[in-house]
> 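Submitted below is the structure of interest, expressed as structure tokens.
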2 protein chains.
Amino acid sequence: MIVDVAPSSTPQVPPSAALPMAGPAGGPGTERADAARNRRRLLDAARRLVAAEGIDGMTMEAVACAAQVGKGTVFRRFGDRAGLIRALLDDTETALQDRFLTGPPPLGPGADPHDRLVAFGHARLDVVLLHGDLLRAADADDRTRYAHPSRGASATHVAMLLREIGVDGDVPLLAEALLGTLDAGLVVHQHRVLGMPVERLRQGWDDLVARITAPR
Amino acid sequence: MIVDVAPSSTPQVPPSAALPMAGPAGGPGTERADAARNRRRLLDAARRLVAAEGIDGMTMEAVACAAQVGKGTVFRRFGDRAGLIRALLDDTETALQDRFLTGPPPLGPGADPHDRLVAFGHARLDVVLLHGDLLRAADADDRTRYAHPSRGASATHVAMLLREIGVDGDVPLLAEALLGTLDAGLVVHQHRVLGMPVERLRQGWDDLVARITAPR
DNA sequence: CAGACAATCGGACCGTGGTCCACTTAGCCC
DNA sequence: GGGCTAAGTGGACCACGGTCCGATTGTCTG
């Protein structure tokens, strides 16, 4: 979400708006003042609603209403419900991405790639267990779930680490396999429903990484 | 879906109906004639609609209408949209299950467990590529997706094979990891969007099985 | 400051999934 | 056949996600 594209909290500009043409608006990428204000209002309102009544209480209409804004504006800004939720998660995702791209070892560059991969899994597990409901709701749409840049970025990252480790074989597929075990819905289910403690999930990740990266 | 419970095309009987009490109905598990007729009608109508306009055209209202039945009846029978779709897939799932539980090797019992596991993946891939849209729509609901008996049965099966192979470690988690790569949404995305040929997905499965079951 | 234009807004509107409950009917017992 | 009971029915009703388009407003140019 951060690597491949502009921050998702950027408005869903219609394609033509990439270049605001010779129009009155400022340079490309600027956002009209009222638009920016409304976006902030909407995010605040959404966050408040989620905090107060959980993700299910975050109705698009309720958000619009709480932000004193029309419903159409919400959709214009964030595309759809999933988009709004992703925007809510953007800070978190960004932070995690940053930790990996530029942060200190063992997550950031410089550490042994195997350690980085292990750390990636643990960090991701933490995020999932913290924001499980949000994440789950964010990729409820099966059509965009796997196509979303956020997932692409993670997949790319994991694939890179696998290559650094020297894994041979179909690295992209192996990356997907690893990522699959960190799926929000799955992890939440394992943790909440099946009652698996975090430690077990962590060890499961470590084990899987070990098996997949083992020389043959 | 077949191992753990009665065929899902069985009506969603309210809990109390498990024992029809001393009431007028026949023995436990029977279904009133009109109910049975309506269920058949609904399934037929649903199948027709899917064939004609794809899964998106299969509106609950359209199904009810085509079956000459009230909307409430549809929901009473199948619980929700996902339930109806699962019922539609029940034949397929049952067939696959049967092939594994009682069919001929390499899928059925008798073959080397490693070969059975490989065969399982290939068979599952075939099903997913054939009924991708249906399967995807069937587990659109993240809440029941992982909790559903169907998935449980698969997980149990894979776990059993892993144990037979002699894999040590957290077998249930490893089974989930394997299963994750066969997720309908993921596979469809890899195949249709990313353009990965089936053969590559098959080899990916084989490779993953090999890595996970390799002695250490 | 006025004019012009596009980005932005807002809320009426729509389709869909899902619920509810008063009414009907099948099936058993006498 | 008549009566009884619970399963079954159907369609009005609701909430929510998402779309649309006429009205509005911000911003730049002259």
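Chain identifiers are assigned alphabetically (A, B, ...) following the order of the sequence lines, protein sequences preceding nucleic acid strands; residue numbering begins at 1 within each chain. Keep in mind that the numbers below use all heavy atoms, side chains included, and drop hydrogens, waters and symmetry copies.
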> In whole Å, what is the span from the CZ atom of B:Arg77 to the P atom of D:dA7?
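It is 12 Å, rounded to the nearest whole Å.
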> For B:Arg32 and B:Thr73, find the nucleotide of DNA chain D closest to each by heavy atoms; which residue's nucleotide sits nearer the 5' end?
B:Arg32
> What is the distance, rounded to the nearest whole Å, between atom CZ of B:Arg39 and atom P of D:dG8?
10 Å
> Kindly state each residue pair satisfying side-chain hydrogen bond (donor to acceptor under 3.5 Å, both in side chains) with at least one member in residues 171-189 of chain B, sequence neighbours excluded.
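Listed once each, the pairs are A:Tyr146-B:Asp183, B:Arg145-B:Asp183, B:Arg151-B:Glu176.
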> Any chance you could measure B:Leu162, atom CG, to B:Met160, atom CE, to the nearest 0.5 Å?
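Output value for this atom pair is 9.5 Å.
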> Would you kindly give the CZ-to-P distance between B:Phe78 and C:dG18, to the nearest whole Å?
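Result: 14 Å.
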> Any Lys/Arg nitrogen of A:Arg136 or A:Asp133 sitting under 4.0 Å from an Asp/Glu carboxylate oxygen of the other?
yes
> Is any side-chain N of the basic residue among B:Asp126 and B:Arg202 closer than 4.0 Å to the acidic one's carboxylate O?
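Between B:Arg202 and B:Asp126 there is a salt bridge, with a charged N closer than 4.0 Å to a carboxylate O.
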> Would you please confirm or rule out a distance under 4.0 Å between OP1 or OP2 of D:dT9 and any side-chain N or O of B:Asn38?
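Indeed, a polar side-chain atom of B:Asn38 lies that close.
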> In plain terms, say whether A:Asp90 and A:Arg86 are close enough for a salt bridge, that is, a side-chain N and a carboxylate O under 4.0 Å apart.
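Result for this pair is no, no salt bridge flagged.
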> Could you pull out the protein-nucleic contacts involving nucleotides 15-18 of chain D (nitrogen or oxygen on both sides, under 3.5 Å)?
unit_1: D:dG17; atom_1: OP1; unit_2: A:Arg81; atom_2: NH1; d: 3.2
unit_1: D:dG17; atom_1: OP2; unit_2: A:Met60; atom_2: N; d: 2.9
unit_1: D:dG17; atom_1: N7; unit_2: A:Lys71; atom_2: NZ; d: 3.2
unit_1: D:dG17; atom_1: O6; unit_2: A:Lys71; atom_2: NZ; d: 3.4
unit_1: D:dG18; atom_1: OP2; unit_2: A:Arg81; atom_2: N; d: 2.9
unit_1: D:dG18; atom_1: N7; unit_2: A:Lys71; atom_2: NZ; d: 3.4
unit_1: D:dG18; atom_1: O6; unit_2: A:Lys71; atom_2: NZ; d: 2.5

> Sequence neighbours excluded and cut-off under 3.5 Å, please list the side-chain donor-acceptor pairs for residues 58-73 of chain A, or say none.
unit_1: A:Glu61; atom_1: OE1; unit_2: A:Lys71; atom_2: NZ; d: 3.4

> Could you state the CZ-P distance from B:Arg76 to C:dC20, rounded to the nearest angstrom?
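For the pair B:Arg76 CZ and C:dC20 P, the rounded distance is 13 Å.
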> Quickly work out the B:Arg37 CZ to D:dA7 P distance and round it to whole Å.
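Answer to the nearest Å: 18 Å.
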